[in-house]
Amino acid sequence: MTKTEPVVNNENRGRMTKDGIRIYEASDFAGMHVAGALAARILDDIAAHVFVGQSTEEIDRIITNMVEAAGAKSATIGYKGYKHASCISVNHVVCHGIPGPKTLKDGDILNIDVTVIVDGWFGDTSRMYVAGKLPRKAERLIQVTHDSLMKGIEAVRPGKTFGDIGHAIQAYVEAHRMSVVRDFCGHGLGRVFHAPPNVLHYGRPGTGAMLEEGMFFTIEPMVNLGRPETKTLADDWTAVTRDKSLSAQFEHSVGVTADGCEIFTLSPAGRFHPTYD
Ligand code: MF3
Ligand code: CO
Ligand code: CO
């Protein structure tokens, strides 16, 4: 996810809307599908390596090897100085957790976020995992976060707006007395990692840019059990909840079709959720 601030797209392909959002060609969906499927398969396969006593840097090392074995490239290694193939965000870490030597404890929940580049196309997805036994309140948080992403995706079709997506997510989360993070958002992607628009996970129906067939973007709500505010640690990456409450996130990359959308990052094994089986 990107910081909620303006981004530019220098790429030169398809056409651009007045809001600066690229419209890709029908033939471009195939490349996104391949990249998205690889990122999703890596998230399927990493589940076996998440357990009590495992370090997040070991998980990242395995992901690095998986990306390489597939003949793909990591989009995050070297991105704005980031050095890892994944972000691993444990418990109250909202996003951009840096893999490190700390080991997972029983009941820890974690988001693993992977972005790969295949033939120049970006596939960006994340989902939740648990080490050991899943605590009850974490289970609720994970379920609501997952379902809020799916509510957002259901709102994707030509003629709807980005505000409709944000509203669907926010309404669902707040009905469950949880909060949506405002400081980070989803993003356009395609031949680039982060492009317009900022895909907010809150908003009002009918506001924002209109969705058009051929737009590619991520939806990646971060949901907190407590308040929505975040702060970034001294490492300049790790974002945590200010009130130390638990946070969860799920992310898909999607492309707008004539009557809805294609989810590029569907799990080949049907394991996007739950991952704690
Ligand atoms: N994959 C993240 C996203 O969803 C971005 C991570 S950038 C990194 O947009 F540098 F922190 F890896
Ligand atoms: Co993203
Ligand atoms: Co991501």
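Just so you know, ligand 1 is whichever comes first in the structure, and atom 1 is the first atom listed for that ligand. Computed from a prediction, not measured in an experiment: that's the story for all the values here.
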Checklist entry - How far apart are the C-alpha atoms of Phe264 and Phe216, what are their side-chain angles, what is the distance that settles it, and do they pass the side chain to side chain contact (heavy atoms under 4.5 Å, CB included) test? => result CA-CA 9 Å; Phe264 297 126; Phe216 296 166; 3.8 Å; yes
Taking 4.0 angstrom as the limit and counting only heavy atoms of [X], give me the atoms of ligand 1 inside it, by number and element.
X      : value
Trp237 : 8 (C), 10 (F), 11 (F)
Phe193 : 1 (N), 5 (C)
Cys87  : 6 (C), 8 (C), 11 (F), 12 (F)
Thr115 : 1 (N)
His187 : 3 (C), 4 (O), 9 (O)

Can a side-chain donor-acceptor contact be found between [Y] and [X] if the only test is distance below 3.5 angstrom?
X      : Y      : answer
Glu220 : His201 : no
Ser267 : Asp44  : yes
His96  : Tyr82  : no
Gln170 : Glu174 : yes
His187 : Asp124 : yes

Query raised in the report: Salt bridge check: are Asp183 and Arg242 linked by an N-O gap of less than 4.0 Å?
Result: no
**Asked** Would you call Arg41-Asp45 a salt bridge at under 4.0 Å N-O?
**Response** yes
Under 3.5 Å between some N or O of ligand 1 and some N or O of [X]?
X      : answer
His96  : no
Tyr79  : no
Asp124 : yes

So for His194 against ligand 1, with non-hydrogen atoms under 4.0 Å, the contacting part is side chain
Does a side-chain heavy-atom distance below 4.5 Å link Ile165 with Phe217?
yes
### Message
Counting backbone and side-chain atoms alike, is an N, O or S atom of Asp113 positioned under 2.8 Å from the Co ion (ligand 3)?
### Response
yes
Q.
Just checking: His187, one of its N/O/S atoms, less than 2.8 Å away from the Co ion (ligand 2), yes or no?
A.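 True for His187.
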Exercise. Under 4.0 angstrom from ligand 1, any heavy atom of Lys80?
Worked result: no
The Co ion (ligand 2) - closest N/O/S atom in Glu220: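 It is OE2 of Glu220.
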| field | Rounded to 10 degrees, the angle OD1 of Asp124 makes with OE1 of Glu251 at the Co ion (ligand 3) | value |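 Reported to 10°, the angle equals 90°.
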